[in-house]
Each structure stands twice: as C-alpha cells, then as structure tokens.
Amino acid sequence: MEHKDAVYRFAWRMTNSPEAAEDVAQDVFLTFLRQPERFDHTRGPLRSFLIGVARNLALKKWREEHRWEPLDDENYLAPLVDLAPGDIAELVGAAVRALAPLQRETLILAEYEGFSLEEIARPVEADSGTVKSRLHRARENLCRALAPLNHIRRKHGSAK
Amino acid sequence: MDPLNDDELTELLHRWRAPAAPLGLEEKVFPAAQRMPWRRWLLSGSIRVPVPVALVAFVVLLSAIVFSLSARYPVLRPAAAVTLSDFQPVKQLQPRIIRSTYEGN
C-alpha cells in the first residue's frame with residue numbers, strides 16, 4: 001500500500017469525487033492482489049503499473065457517464081473559468097477537470113505526479129510523441145481557460 | 001484577455017492540491033487480515049521484515065550459535081613440546097613386589 005496516496009490522488013483528480021476515487025483506488029489494489037502476475041517489473045516500476053490500472057478504471061467510469069463524448073479532441077477549446085466560486089484552487093481544479101480525459105490524465109501525471117513523457121507513455125498506452133502533443137494541448141487550453149485569473153493577478157499584483 | 005505564460009500556469013496548477021488517501025482504504029483492501037484473530041495469526045499470519053533488519057538478525061543469531069558451541073566444546077590446546085632433555089634417569093629405584101593373595105595358599 002506504499003503507493004496508495006499516489007493512486008488515490010490520481011483517481012481523485014481524474015474522477016472529481018472522493019467516493020469514486022476511493023472505489024478506483026480500492027479496485028486497483030484488489031486487482032493487484034488477485035493478479036500479481038500482471039505486473040512485469042521489466043516494463044516499469046510498480047507505481048506506473050498501478051497508475052495504469054487506475055487510469056483504465058477512471059476512464060471506464062468516465063465512459064459510463066459520457067457515452068458519446070470523445071476521449072480527446074484536437075480542436076477542443078476549454079471554456080474560460082467562471083470566477084464566481086472565488087477560490088483559486090477550485091477554479092484551477094474546475095479548469096483541469098474540464099479538459100478532455102486524455103489531455104487531463106497526461107497533465108495530471110506530468111504536473112502533479114512528476115512523471116516524465118516516457119513514464120507517462122507506459123500507463124496511458126501511447127508513444128512519447130503523442131503524450132508530448134497531448135500535454136502541450138492541455139497546457140495551451142489551461143493557459144487560455146485560466147486567463148481571467150491572470151487578469152486578477154496582474155490587477156492585484158498576486159492572486160489571493 | 002492575455003493567456004497565462006508557462007510559469008504562471010505551473011504556479012497556478014500547484015495551488016490545486018489533492019487530499020491523501022482516506023484511512024479506511026487500507027482496511028477495505030485487506031479486510032480479512034484486519035479481522036484475523038491473533039491465535040490464527042500466530043499460525044498463518046506473516047510479517048514484512050526489511051532486508052537490512054533480517055540480515056542483522058541473521059548475523060546475531062549465527063554469532064550466538066557459534067558462541068554457545070565454542071563454550072560447550074572448548075578447543076584443546078596441545079601441551080608444550082616435549083624434548084629429550086626433559087627425560088631424566090631415575091635417581092632412586094624402589095621396586096615393590098605385589099603378590100596376589102591366592103599365591104600364598
């Protein structure tokens with residue numbers, strides 16, 4: 001259970017629900033306990049493997065709720081954040097959650113879990129070039145979506 | 001409206017913090033282990049021991065065994081070397097004849 005925090009954090013950011021994140025994390029570890037042979041240490045560290053399982057479960061949950069939406073869309077433009085909630089952390093979370101799932105998972109693994117492009121490529125089952133392009137689009141989308149916060153930051157010197 | 005630059009975005013992203021895993025998660029994953037009675041645990045339970053601790057324990061155990069064996073069977077040291085000069089002629093010989101009792105009968 002050494003990686004439980006990393007797996008839970010990832011699931012929480014992907015699902016936007018503490019209950020769903022706990023379900024995903026629980027399923028990840030139960031899957032590993034029941035089928036430990038699925039983990040091949042020559043293909044990468046255990047953490048990447050567990051995150052990969054969490055990623056598949058989170059996408060499955062997302063797919064159940066968004067049956068007809070694409071997992072990624074190159075032309076997708078994230079909407080500008082609504083400043084009404086006021087809390088910057090919440091606004092940032094909302095902007096990340098508004099990203100298409102494949103961009104979101106790439107951004108979460110790179111920014112919050114410190115994975116390199118090669119390390120992200122393994123659990124998301126894509127090559128490094130694709131991961132790099134998704135990360136670029138995710139960051140571009142967020143730069144635009146969070147622009148209203150920048151306006152406030154510049155006006156007040158620093159965001160509160 | 002100007003979009004954020006890379007540094008500003010990174011700084012903002014790190015304001016969104018995720019909570020740690022709930023305490024109940026481990027219990028949900030290992031419910032059987034949590035409920036195992038201690039008597040059953042003594043028969044079928046297991047503990048994880050870090051390799052350095054196991055190595056130290058093994059060395060200590062081995063040393064104890066070697067020490068106890070060496071105390072039980074002390075090593076016999078050979079006597080000091082004997083040379084011919086240590087042999088002396090007998091100065092006074094007092095032979096004593098011992099007869100058995102039935103010889104007199």
Side-chain angles (χ1 to χ4, degrees), chain A residues 1-14 16 18-19 21-33 80-81 87-97 107-108 110-113 136 138-154 158-160, chain B residues 1-70:
Chain A
M1 295 295 282
E2 183 189 343
H3 302 293
K4 68 175 187 296
D5 284 330
V7 170
Y8 179 80
R9 274 197 312 261
F10 174 76
W12 183 83
R13 286 194 165 106
M14 283 298 286
N16 184 33
E19 293 80 23
E22 195 171 346
D23 283 350
V24 166
Q26 188 182 337
D27 287 348
V28 167
F29 288 103
L30 288 177
T31 302
F32 178 59
L33 288 175
L80 297 181
V81 289
D87 182 51
I88 289 185
E90 266 182 47
L91 293 171
V92 173
V96 174
R97 288 193 297 267
L107 181 105
I108 290 171
E111 291 296 333
Y112 298 105
E113 299 304 326
H136 177 73
R139 289 187 66 92
E140 214 173 45
N141 261 323
L142 287 174
C143 282
R144 192 173 41 247
L146 294 169
L149 284 179
N150 207 22
H151 181 67
I152 293 174
R153 282 160 60 92
R154 286 184 182 156
S158 165
K160 297 281 183 304
Chain B
M1 204 172 291
D2 293 339
L4 299 166
N5 64 36
D6 262 5
D7 291 341
E8 288 168 334
L9 175 64
T10 303
E11 193 262 319
L12 272 180
L13 283 175
H14 286 274
R15 285 171 179 249
W16 185 42
R17 298 207 170 100
L23 294 173
L25 178 61
E26 204 157 332
E27 283 170 27
K28 282 183 181 172
V29 175
F30 300 109
Q34 298 289 329
R35 282 193 243 111
M36 189 185 282
W38 66 271
R39 267 170 274 140
R40 205 176 134 211
W41 181 83
L42 283 178
L43 293 174
S44 59
S46 64
I47 52 170
R48 290 179 66 189
V49 180
V51 172
V53 175
L55 280 176
V56 168
F58 177 72
V59 169
V60 168
L61 185 67
L62 200 66
S63 311
I65 291 171
V66 170
F67 180 76
S68 69
L69 285 179
S70 63

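These numbers were taken from a predicted model, which means no experiment stands behind them. By convention in this document, chain letters (A, B, ...) are assigned in the order of the sequence lines, proteins followed by strands, and residues within each chain are numbered from 1.
Separating the CG atom in Leu142(A) from the CD atom in Glu8(B) is a distance of 13.5 Å, to the nearest 0.5 Å.
For Val7(A), no part sits under 4.5 Å from any heavy atom of chain B, backbone or side chain.
Shown here are the ring-ring contact (aromatic ring centres under 6.0 Å, His included) partners of Tyr112(A), two or more places apart in sequence or in another chain: His14(B), Trp16(B).
Across all their heavy atoms, Ala21(B) and Asp5(A) have their closest contact at N-OD1, 2.8 Å. Of all heavy-atom pairs between Tyr8(A) and Pro22(B), the closest is CE1-CD, 3.4 Å. Nearest heavy-atom pair, Thr10(B) versus Arg139(A), reported as atom, atom and distance to 0.1 Å: OG1-NH2, 3.0 Å. Across Leu12(B) and Val92(A), no two heavy atoms sit closer than the pair O-CG2, 3.5 Å. Nearest heavy-atom pair, Ala18(B) versus Arg9(A), reported as atom, atom and distance to 0.1 Å: CB-CG, 3.7 Å.
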- Could you go through the side-chain contact (heavy atoms from CB on, under 4.5 Å) check for Leu13(B) and Leu107(A) one step at a time? CA-CA 10 Å; Leu13(B) 283 175; Leu107(A) 181 105; 4.2 Å; yes
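At most 12 non-hydrogen atoms from other residues, nucleotides or ligands lie less than 6.0 angstrom from CG of Leu23(B). Counting heavy atoms of neighbouring residues, nucleotides and ligands inside a 6.0 Å radius, atom CZ of Arg17(B) does not exceed 12 of them.
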